[in-house]
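Report on one structure; see the data block that follows.
Proteins get letters first, then strands, A, B, ... in listed order; numbering begins at 1 in each.
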Amino acid sequence: MSDYNHREIERKWQQFWEEQQTNRVVEDISKPKYYVLDMFPYPSGAGLHVGHPLGYIASDIYSRYKRLKGFNVLHPMGFDSFGLPAEQYAIQTGQHPALTTEQNIARYIEQLKNLGFSYDWSREVRTSDPSYYKWTQWIFGELFNSWYNNKTDQAETIETLTQEFGHRGNARVNAPCDENTPTFTAAEWKAMSADEQYAMTLKYRLTYVADATVNWCAGLGSVLSNDEVKDGVSERGGFPVEQKLMRQWMMRITAYAQRLLDGLDTIDWTESLKEQQRNWIGRSVGAMVKFAVDGYPGHNIEVFTTRVDTIYGVTFMVLAPEHELVSQITTEDQKSEIQDYIQSTKKRSELDRVADVKSVSGAFTGAYALNPFNDQKVPIYIADYVLAGYGTGAVMAVPSGDQRDWNFATHFGLPIVPILDGQKNMETEADATKEGKYINSGIIDGLTFAEATPVLIQWMEERNIGKGKINYRLRDAVFGRQRYWGEPVPVYYKNDENGQPLPYLISEADLPLELPSVGKYLPTETGEPPLGRAEGWKYQEKSGDSRSGGSRYDYELSTMPGWAGSSWYWYRYMDAHNADEFASPEAIAYWRDVDLYVGGTEHATGHLLYSRFWNKFLKDRGYVPEEEPFKKLINQGMIQGRSSFVYRVKGDDYSKPVFVSAGLRDQYEVSGLHVDVNIVENDVLDIEKFKATRPDIAGENAEFILEDGKYICGVEVEKMSKSKFNVVNPDDIVERYGADTLRLYEMFLGPLEQAKPWNTNGIDGTFRFIRKFWRLFYNDAGQWLVKDEVPTKDELKVLHKTIKKVQEDIESFS
RNA sequence: GUCGGGGUGGUGGAAUUGGUAGACACGCAGGACUUAAAAUCCUGUGAGCCGCAACGCUCGUACGGGUUCGAUUCCCGUCCCCGGUACCA
């Protein structure tokens, strides 16, 4: 009797696909294109677990379906292979990260091939490969050579900026730039030296160097981006993170804030993901208002407010403790109080400040500000509820309309002035209503909210004391990392005539700038990044760069952040082996954008935002055709681990540990321990295997208290991870049931978008289904039963009903 | 707090636009085959009622209302769960 033999079948076809290059795809203008992309994985040492393939299976099904529908389908796979774990491993063992990475990738590829995915492996990319990161460095260079013109609302080359400087100076240039950029005329521009002109352009570029408050993680010896920090500690490693002012490469993503927001309305993503990006960008419409400081002519406090209409309700001002004006305006008798407060704020970690929302604290500077609308004197305080990093780091406080201001006013005995006749309960809390007519409000008395705001803004603009303004929460991205295993920033430094180093781009002909070898992967003894250990890591003239002139120049020592390589990779798949361009214009014109992108929701404010940013930039510069890179996006839910626990009775003798079965644990005082799920079947522990993994309890040394003759493990659903011993590897399942069963089963587990625990309870049913299916086409002797006869009417009916059903089910998924 | 998504048998979950609720599968129970087991196949399986059985009846998609000939689906309110975010002026 013959039966379904998954090993033989799958081996045969995987070999056939390999030999025939079945999944290879070439550009073909006679067919419509369709691009199905998976978020490429970081190749970790643990290999693939059963959670990884979920999205890959779905996208593979869809790719095959689209091919059968006559589309030319691009469905590639690659590796996001720069990353911290390989570097950490290198620090511990001295093994080069490239080697570890290579081994891990080989394992991933083997596992992915075993699962029978229809990837075109000829297009595979690896972000850590010099032939790939050459183009990551090149894009960095293009950003460096560009500025953002607000008038045309797009990025342009630096040449258009210097031309404008030569014609009319910078007074009419409307562009995001360094806030300390002086205004100059065309004549002044022409009078500058070449170095001075160059230094001036550095203030406008889309990548630039600035002193920035960064998340410094001493444990990792590196700067982290906001999305790499969770609850005040590093996401990887869990080391404490502190705020520190450092000179850093920055990327001007804020120039694109509005377009990143607008683009969301044109793409087919889930509402929750779009909301996450909207919140992250954090647009708020309001006004900037200048308050003069009484007795300090020329010193203004500029505030941002979304409620200018409440301006007559201002009874005090609050500055962030870090605000630069604080030291200048504090009066003699308030000095010690202010100093103490600043000290106590510094001591409180970011975590405490955020966690403690309720208590009110602050200190009076002794100075007063003048309300520009009625010249009323209001006291200036400092308090840590005002954040230095948002808006201007100063607020006008309106206790009648804002709860935090109300709390502060009540605590310090400051007046609370109602400004709308619709406001209630002023004694117990603030009322943020916009209903009613204004009272106590000078020029807007008797008006409604809708009427008042334009009147106020016009009044301020006429007198140059304020203007309408849109503010974003989004900050420019810190682009430098003090690490080894990343793309070197392709920049060298040369001193100007005053001996100040200026950054210059390494010419395209000298790319890629390859990672040098270093003896150790740690920062140097003098605190430089690991690249500072590289011998001869100095710029040599290679291709006649006019500025390098033969002498020695220093390379930039920082490397790029993890998201650099993944912010454009979908283009590289279009033309993966091109040595002259990141992808040929022909390939890009054919494949254009990703039609369906499948991946996890954890990249909402990282990868998915940076990728949209770089894509818009590349579009501005004419390299790519579409404003948005990912038309449709589906987030597959996480497959969680199902951890198993054994319970050890507390206080027992260490030489003879006692473990009690889950059902009886209430009768003892126990502590739960994770136990490897691979030695547990249907929650029953294999005691012999358990003993074998734990030398301390081998032989007769441990006692097990059983129920019904078995040791039952406790169960908890947690994230799948090595440290929780709940990782299920797909290889064992493929070996036992075959890739088809695993794929079908994962699709059967529940809705794709939903998180769900891994659980093999139902896998036998799926396996039975496939075997039944196989037997529809083979008899007991293993003979192929399908005949080349004209089908009957009934058979055709079944066939077409099936086709319709399959089509509808698959289309509804996308 | 706030934004987003959800709540359907013992379990995972179906139900396309408001039209037979519970597809398919797991589990469970019974049966066939077998010396026995595995595998395979067949039958039953939301709760309750009447009954030997068939036929049939009532209730039922978190809870309370509403719209409708008809509601898991639409509207209002309440409770609970999951995810994001957190002094953003």
Side-chain angles (χ1 to χ4, degrees), chain A residues 1 3-4 226-227 230-231 269-289 302-308 310-311 314 317-320 350-362 383-399 401-408 430 432 469 471-475 600-605 635 637-638 640 682 717 744-772 775 780 804-805 807-813:
Chain A
M1 160 139 170
D3 202 354
Y4 168 69
N226 286 331
D227 46 283
K230 289 260 157 23
D231 303 326
W269 294 13
T270 62
E271 207 41 50
S272 87
L273 199 70
K274 289 188 192 181
E275 273 303 301
Q276 280 183 55
Q277 291 210 344
R278 285 192 193 108
N279 293 339
W280 192 259
I281 297 166
R283 179 183 201 255
S284 43
V285 181
M288 301 291 285
V289 186
E302 207 166 25
V303 300
F304 175 74
T305 175
T306 53
R307 291 288 305 272
V308 230
T310 63
I311 189 99
V314 173
M317 307 285 290
V318 188
L319 306 181
E350 192 74 4
L351 200 62
D352 296 338
R353 262 174 88 162
V354 168
D356 180 19
V357 195
K358 302 224 162 53
S359 68
V360 177
S361 71
D384 64 5
Y385 81 88
V386 174
L387 308 174
Y390 183 74
T392 60
V395 301
M396 57 179 229
V398 184
D402 183 286
Q403 192 56 45
R404 290 159 305 172
D405 296 345
W406 189 94
N407 293 344
F408 196 87
K469 161 102 182 171
N471 206 33
Y472 297 93
R473 198 193 80 119
L474 185 70
R475 304 283 80 159
T601 181
E602 67 273 19
H603 299 107
T605 54
N635 295 120
M638 199 177 20
Q640 296 145 319
N682 292 327
V717 172
L744 191 65
Y745 183 63
E746 289 213 6
M747 288 297 95
F748 208 81
L749 223 44
L752 182 62
E753 297 89 341
Q754 187 181 299
K756 53 230 160 194
W758 177 255
N759 180 347
T760 44
N761 283 350
I763 200 164
D764 286 310
T766 313
F767 188 49
R768 271 201 288 272
F769 172 85
I770 287 190
R771 295 169 63 174
K772 273 188 239 172
R775 273 196 292 269
D780 283 353
K804 181 162 186 278
K805 175 81 172 132
Q807 174 174 315
E808 282 171 358
D809 286 355
I810 291 183
E811 296 282 350
S812 75
F813 142 82

[X] [atom1] - [N] [atom2] separation (whole Å):
X        : N     : atom1 : atom2 : result
A:Trp758 : B:G12 : CH2   : P     : 17 Å
A:Tyr4   : B:U40 : OH    : C1'   : 17 Å
A:Arg283 : B:A89 : CZ    : P     : 13 Å
A:Phe767 : B:A39 : CZ    : P     : 11 Å
A:Trp280 : B:C88 : CH2   : P     : 16 Å
A:Gln807 : B:U16 : CD    : C1'   : 13 Å
A:Gln754 : B:G13 : CD    : P     : 5 Å
A:His603 : B:G83 : NE2   : C1'   : 16 Å

Considering all heavy atoms, the nearest [X]-[Y] contact:
X        : Y        : answer
A:Tyr390 : A:Arg475 : CA-NH1, 4.3 Å
A:Ala320 : A:Leu387 : CB-C, 4.0 Å
A:Asp384 : A:Ser361 : OD1-OG, 3.8 Å

For A:Gly391 and A:Leu749, take the nucleotide of RNA chain B holding the closest heavy atom to each; which residue's nucleotide lies nearer the 5' end?
-> A:Leu749
Want to settle it: does A:Ile763 or A:Tyr472 sit nearer the 5' end of RNA chain B, counting the closest nucleotide to each?
-> A:Ile763
If we take the [atom1] atom in both [N] and [M], what is their distance in whole Å?
N     : M     : atom1 : result
B:U20 : B:G7  : C1'   : 24 Å
B:U17 : B:U73 : C1'   : 10 Å
B:C69 : B:G18 : C1'   : 12 Å
B:A54 : B:A62 : P     : 31 Å
B:U67 : B:C80 : P     : 28 Å
B:U78 : B:C52 : C1'   : 48 Å
B:C42 : B:U72 : P     : 33 Å
B:G77 : B:C3  : P     : 13 Å

How about A:Glu746 and A:Trp758: do any of their side-chain heavy atoms sit closer than 4.5 Å?
-> yes
Taking the side chain as C-beta and beyond, is there a heavy-atom pair between A:Met396 and A:Thr310 under 4.5 Å?
-> yes
Among the nucleotides [options], which one has an atom lying closest to any side-chain atom of [X]?
X        : options             : value
A:Gln276 : B:C41, B:G84, B:C24 : B:G84
A:Tyr390 : B:A89, B:U40, B:C24 : B:A89
A:Arg771 : B:A89, B:G13, B:U40 : B:U40
A:Arg404 : B:U40, B:C88, B:G13 : B:C88
A:Arg473 : B:A89, B:A86, B:A14 : B:A86

Both distances under 3.5 Å, Watson-Crick or G-U wobble: on that basis, could you give the dot-bracket string for RNA chain B, with [ ] for crossing pairs and | for other-strand partners?
-> (((((((..(((......[....)))((((((.......))))))((((......))))..(((((..]....))))))))))))....
If only side-chain N and O atoms of A:Thr601 are considered, is one of them under 4.0 Å from the OP1 or OP2 phosphate oxygen of B:G83?
-> no
Donor-acceptor contact present, side-chain [X] to main-chain [Y], <3.5 Å:
X        : Y        : result
A:Arg307 : A:Ala432 : yes
A:Thr766 : A:Tyr745 : no
A:Glu753 : A:Asn635 : no
A:Lys469 : A:Val289 : no
A:Asp405 : A:Val398 : yes

Detail all sub-3.5 Å separations between protein N/O atoms and N/O atoms belonging to nucleotides 2-5 of chain B.
from: B:C3; atom 1: O2'; to: A:Glu275; atom 2: OE1; distance (Å): 3.3

In this structure, CG of A:Leu273 is separated from OG1 of A:Thr605 (nearest 0.5 Å) by 9.0 Å
Applying salt bridge (Lys or Arg N to Asp or Glu O under 4.0 Å), which residue pairs with at least one partner in residues 270-285 of chain A are found, sequence neighbours left out?
-> A:Asp265-A:Arg278, A:Glu271-A:Arg278, A:Glu275-A:Arg278
Any base atoms under 4.0 Å from [X], or only sugar-phosphate, or nothing? Heavy atoms, all strands.
X        : result
A:Gly765 : sugar-phosphate
A:Arg768 : sugar-phosphate
A:Lys772 : sugar-phosphate

What is the glycosidic conformation of B:G9: syn, defined as within 90° of 0, or anti?
-> syn
